[in-house]
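Please read the structure below before turning to the comments.
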Amino acid sequence: FQMQGPDPSLAYRPNLEDSKEKEDYRNFVHTEWTPCNHLQMGMMDAIMSLDQLVDESDPDVDFPNSFHAFQTAEGIRKEHPDKDWFQLVGLIHDVGKILALWDEPQWAVVGDTFPVGCKFQTSIVFRDSTFQDNPDEKNPRYKTEHGIYEPNCGLDNVLMSWGHDEYLYRVMKFNNCPIPEEGLYMIRFHSFYPWHSHGDYTHLCNDKDLQMLPWVKEFNKFDLYTKTTDLPNVDELRPYYQSLIDKYCPGVLQW
């Protein structure tokens with residue numbers, strides 16, 4: 001596979017000289033994208049559009065992003081043939097990265113996610129080297145374990161850093177897609193590595209979160225370990241996965 005034209009990721013790197021404070025930018029991103037009033041597009045078209053993206057946080061993948069989508073889905077299909085919604089989640093889990101094709105800088109789209117408004121745990125990737133200038137570090141209200149939250153308040157009541165996980169979750173909810181709660185957790189928290197891979201932030205979780213955690217861990221196996229050069233035949237697989245799209249997120253979606 002060869003990219004046509006210049007590396008598109010160059011256009012999405014944040015301008016560090018920008019006068020807009022990053023904190024203000026994050027807040028703006030939330031309010032800008034959550035109404036899902038930017039575009040109308042079917043899910044398969046959204047998946048295929050990811051091939052225009054070079055994800056700076058995933059340098060080991062040098063084939064089109066759509067192949068990773070189908071690889072993940074096929075890995076799940078092999079081990080969970082009875083759970084078509086799980087297979088669909090494997091297919092669509094990274095589709096929120098299309099934000100980077102719509103002029104969002106990649107730091108606000110890809111990479112690990114984590115709660116804001118409480119102490120940043122050391123398990124967050126690049127925690128020690130990139131958070132020095134974050135104003136939350138200097139706010140005593142945000143520096144405690146629970147910060148602005150009550151113990152065991154539940155992740156649904158926690159404000160997460162913005163990224164492709166949260167965006168696709170919001171799109172699914174906005175379009176009333178009937179994906180089971182387990183699948184919605186996989187979409188929303190698959191980049192929340194400090195939680196599902198390092199065991200942090202459980203003091204914010206309620207019983208529902210802890211019941212969902214094994215599902216997120218199960219999904220993570222396929223997300224991480226299906227990135228091989230054994231590429232699937234997308235043309236052969238598309239009809240089957242289009243049928244799952246037609247079942248769970250049919251027609252033209254609001255983005």
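Quick caveat, the model's predicted, so the values are computed rather than measured.
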Report whether F174 and M186 are members of the same hydrophobic cluster (ILVMFWY, side-chain heavy atoms less than 4.5 Å apart, transitive linking). no
Let me check something: do I47 and L231 share a hydrophobic cluster, defined by ILVMFWY side-chain heavy atoms less than 4.5 Å apart, either directly or through other members? yes
Is a side-chain N or O of N65 found less than 3.5 angstrom from the main chain of D51, in a donor-acceptor match? no
If every non-hydrogen atom of R170 is compared with every non-hydrogen atom of C36, which pair is closest and at what distance? O-SG, 4.2 Å
Without swapping roles, check the side chain of H93 against the backbone of G90 for a donor-acceptor pair under 3.5 Å. yes
Check each of E79, E74, H80 against R77 using the side-chain hydrogen bond (donor to acceptor under 3.5 Å, both in side chains) test, and report the only one that passes. E74
Any chance the side chains of Y241 and Q87 put a donor and an acceptor closer than 3.5 Å? no
Between NZ of K78 and CD1 of I76, what distance do you get to the nearest 0.5 Å? 13.5 Å
I need the minimum non-hydrogen distance between M172 and L184, along with the two atoms involved. CB-CD2, 4.1 Å
Just say parallel, tilted or perpendicular for the rings of F219 and F86, cut-offs at 30° and 60°. tilted
Looking at CG of L53 and NE2 of H164, how far apart are the two atoms once the value is rounded to the nearest 0.5 Å? 10.0 Å
Is a side-chain N or O of N206 found less than 3.5 angstrom from the main chain of N152, in a donor-acceptor match? no
Could you check F67 against T72 for side-chain contact (heavy atoms from CB on, under 4.5 Å), going step by step and ending with a plain yes or no? CA-CA 8 Å; F67 282 90; T72 306; over 6 Å; no
Hey, are the side chains of P232 and Q71 touching, using non-hydrogen atoms and a 4.5 Å cut-off? yes
Please walk me through it: do H190 and D223 pass side-chain hydrogen bond (donor to acceptor under 3.5 Å, both in side chains)? CA-CA 9 Å; H190 69 270; D223 187 20; 4.8 Å; no
Heavy-atom pair with the smallest gap, counting every atom of E150 and L204: O-CD2, 4.4 Å
Show your working on side-chain contact (heavy atoms from CB on, under 4.5 Å) between Y149 and N157 and close with a plain yes or no. CA-CA 8 Å; Y149 308 110; N157 295 307; 5.8 Å; no
Kindly compute the distance separating SG (C249) from CG (L244), expressed to the nearest 0.5 Å. 9.0 Å
Between L39 and Y169, is there shared hydrophobic-cluster membership here, with clusters defined by ILVMFWY side-chain heavy atoms closer than 4.5 Å? yes
Between the side chain of T144 and the main-chain N/O of G147, is any donor-acceptor distance below 3.5 Å? yes
Would you confirm whether D45, through its side chain, and M41, through its main-chain N or O, come within 3.5 Å as a donor-acceptor pair? no
What do the steps show when you test D200 against S123 for side-chain hydrogen bond (donor to acceptor under 3.5 Å, both in side chains), and what is the final call? CA-CA 8 Å; D200 284 335; S123 58; 2.5 Å; yes
Hits for salt bridge (charged side-chain N to carboxylate O under 4.0 Å, His left out) against E181, two or more places apart or cross-chain, chain-then-number order -> K208
Which heavy atom in V109 sits nearest to a heavy atom in G96, and how many Å separate them? CG1-O, 4.3 Å
Heavy atoms of other groups near D133 CG, more than 12 under 6.0 Å: no
Tell me the salt bridge (Lys or Arg N to Asp or Glu O under 4.0 Å) pairs involving residues 238-255, sequence neighbours left out? D84-K247
Could you check whether any side-chain heavy atom of C205 comes within less than 4.5 Å of a side-chain heavy atom of W195, counting everything from C-beta outward? yes
Return the OG to CE distance between S49 and M44, rounded to the nearest 0.5 Å. 12.0 Å
Would a 4.5 Å heavy-atom cut-off, applied to side chains only, mark I92 and M43 as touching? yes
In sequence, state the C-alpha distance, the side-chain angles, and the governing distance for R188 and E166, and then conclude on salt bridge (charged side-chain N to carboxylate O under 4.0 Å, His left out). CA-CA 5 Å; R188 193 177 196 184; E166 185 71 18; 2.9 Å; yes
Could you tell me whether a side-chain N or O of N220 sits under 3.5 Å from a main-chain N or O of V216, the two making a donor and an acceptor? no
Any side-chain heavy-atom pair from M48 and S66 closer than 4.5 angstrom? yes
With D128 via salt bridge (charged side-chain N to carboxylate O under 4.0 Å, His left out) - residues at least two apart: none
Determine the interplanar angle of the F192 and F189 rings, folded into 0 to 90°, and report it as parallel if under 30°, tilted if 30 to 60°, perpendicular if over 60°. tilted
Should F70 and Y240 be regarded as members of a common hydrophobic cluster, given that ILVMFWY residues are connected when their side-chain heavy atoms come within less than 4.5 Å of each other, either directly or indirectly? yes
Fit a plane to each ring of W255 and W102, take the angle between them on a 0 to 90° scale, and name the class: parallel (under 30°), tilted (30 to 60°) or perpendicular (over 60°). perpendicular
A side-chain contact here means heavy atoms from C-beta on lying under 4.5 Å apart; do K119 and K143 qualify? no
For K217, enumerate each residue passing the side-chain contact (heavy atoms from CB on, under 4.5 Å) test, keeping only those at least two apart in sequence or located in another chain. H196, L213
Between the side chains of E104 and W162, is a donor N or O closer than 3.5 angstrom to an acceptor N or O? no
side-chain contact (heavy atoms from CB on, under 4.5 Å) for Y185 and W215? Distances and angles first, verdict last. CA-CA 8 Å; Y185 261 71; W215 285 99; over 6 Å; no
For the pair H38 (side chain) and E32 (backbone), establish whether a donor and an acceptor sit closer than 3.5 Å, ignoring hydrogens and angles. yes
If you count every heavy atom of other residues, nucleotides or ligands that lies below 6.0 Å from N233 atom CG, does the total exceed 12? yes
ring-ring contact (aromatic ring centres under 6.0 Å, His included) against F120, all qualifying residues, sequence neighbours excluded: F114, F131
Main-chain N/O of R127 paired with T130 side-chain donor or acceptor, under 3.5 Å: no
Note, I148 side chain near Y142 side chain (heavy atom, < 4.5 Å): yes
Are any side-chain N or O atoms of Y201 and backbone N or O atoms of Q121, one a donor and one an acceptor, separated by less than 3.5 Å? yes
Heavy-atom donor-acceptor pair, D112 side chain to I124 backbone, under 3.5 Å: no
Correct closest heavy-atom pair for L91 and I245 would be CD2-CD1, 4.2 Å
Sequence neighbours excluded, which residues qualify as salt bridge (charged side-chain N to carboxylate O under 4.0 Å, His left out) partners of D94? K97
Closest approach of G154 and D209, non-hydrogen atoms and distance? CA-OD2, 3.2 Å
